[in-house]
Engineer: 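There's a structure below that I have some questions on.
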Amino acid sequence: MTKIYGCPVEVTLDVLGGKWKTVILRHLSKRTLRYNQLHQRMPNITQRILTLQLKELEEDGLIQRIVFDERIKKVEYSLTEYGKSAEPILELMCEWGKQRMREFDLQVRDLKTSDE
C-alpha cells in the first residue's frame with residue numbers, strides 16, 4: 001500500500017527526520033568517514049542508534065557503505081549522488097543554526113574533529 005502524505009515537508013521528514021540523520025548527512029557531506037570517525041563527531045549518539053540510522057540512510061539510498069576486504073575489516077560511509085541532492089537543505093539548516101547560536105549565545109562543543 002502506498003503511503004499518503006499531507007504535504008511535501010512530511011515526505012522530506014519521512015526520509016531525513018529524527019535527531020541524527022541530518023547530522024550524519026552533514027558530516028558525510030564534508031568527506032567520506034569511517035564508523036568510528038562518525039561516532040567521534042557525535043559523542044552523544046549511542047552505537048546502536050548510529051548503526052540503525054546508517055542502515056536506514058543506506059536503505060533510503062542517501063549513503064553508501066563500502067567494505068574493504070582487509071585483515072581488519074574497514075568500512076567507509078559516503079553520500080550517494082541522491083544523498084548529495086540533500087546538501088542544500090543541510091547547508092540551510094546549518095546556517096539557520098549558526099544564526100540561532102549567535103542570537104541566543106549558544107555554544108557548540110569544540111572538538112578537533114568538528115566540521116564547523
Side-chain angles (χ1 to χ4, degrees):
M1 185 171 148
T2 302
K3 186 172 182 179
I4 305 296
Y5 293 95
C7 74
V9 173
E10 191 178 342
V11 176
T12 303
L13 290 176
D14 196 30
V15 177
L16 301 180
K19 182 175 180 178
W20 297 109
K21 285 184 180 179
T22 52
V23 177
I24 292 167
L25 291 172
R26 177 66 178 172
H27 288 302
L28 293 177
S29 73
K30 301 296 183 185
R31 66 186 57 84
T32 297
L33 295 169
R34 294 176 69 180
Y35 180 91
N36 285 336
Q37 292 172 311
L38 276 167
H39 197 257
Q40 287 173 350
R41 285 165 170 75
M42 299 177 293
N44 295 327
I45 191 172
T46 65
Q47 289 186 352
R48 179 183 170 279
I49 295 298
L50 178 56
T51 300
L52 179 64
Q53 297 292 274
L54 288 168
K55 183 179 179 183
E56 289 178 10
L57 288 167
E58 184 180 11
E59 288 172 356
D60 287 334
L62 295 166
I63 67 170
Q64 61 183 347
R65 179 179 184 263
I66 303 167
V67 179
F68 295 92
D69 281 335
E70 297 179 3
R71 193 169 56 96
I72 298 174
K73 186 175 170 182
K74 179 180 174 185
V75 179
E76 292 183 343
Y77 295 91
S78 62
L79 294 183
T80 62
E81 286 303 313
Y82 180 59
K84 289 177 184 176
S85 70
E87 286 180 319
I89 297 167
L90 301 171
E91 185 61 33
L92 286 171
M93 291 175 73
C94 186
E95 290 306 314
W96 189 87
K98 287 177 183 177
Q99 180 63 35
R100 183 163 172 84
M101 288 171 59
R102 286 189 293 273
E103 290 175 11
F104 294 93
D105 195 32
L106 303 172
Q107 302 295 315
V108 173
R109 71 185 184 291
D110 186 22
L111 292 178
K112 292 178 185 172
T113 57
S114 177
D115 292 327
E116 295 302 324

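Computed from a prediction, not measured in an experiment: that's the story for all the values here.
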Engineer: How about CZ on Arg48, more than 12 heavy atoms from neighbouring residues, nucleotides or ligands closer than 6.0 Å, or not?
Structural biologist: no
Engineer: If you count heavy atoms of other groups shown closer than 6.0 angstrom to NZ of Lys74, is the number above 12?
Structural biologist: yes
Engineer: Would you compute the distance between atom OG1 of Thr51 and atom CD of Glu56 and round it to the nearest 0.5 angstrom?
Structural biologist: 11.5 Å
Engineer: Using a 3.5 Å distance criterion without hydrogens, assess whether the side chain of Gln37 forms a donor-acceptor pair with backbone atoms of Leu33.
Structural biologist: no
Engineer: State, with a plain yes or no, whether a side-chain heavy atom of Lys55 is found less than 4.5 Å away from one of Glu58.
Structural biologist: no
Engineer: When you compare the side chain of Tyr35 with that of Leu54, does any pair of heavy atoms fall below 4.5 Å?
Structural biologist: yes
Engineer: Thinking salt bridges, do Arg65 and Glu76 make one under a 4.0 Å N-O criterion?
Structural biologist: no
Engineer: Do Lys19 and Ile49 come within less than 4.5 Å of each other through their side chains, counting heavy atoms only?
Structural biologist: no
Engineer: State plainly whether the residues Lys84 and Glu87 are in salt-bridge range, i.e. N to O under 4.0 Å.
Structural biologist: no
Engineer: Please indicate whether Tyr5 has more than 12 foreign heavy atoms, meaning atoms of other residues, nucleotides or ligands, lying under 6.0 Å from its OH.
Structural biologist: yes
Engineer: Should Trp20 and Thr46 count as side-chain neighbours, where that means a heavy-atom distance under 4.5 Å?
Structural biologist: no
Engineer: Could you tell me the separation between the CD atom of Gln53 and the CE atom of Met42, rounded to the nearest 0.5 Å?
Structural biologist: 9.0 Å
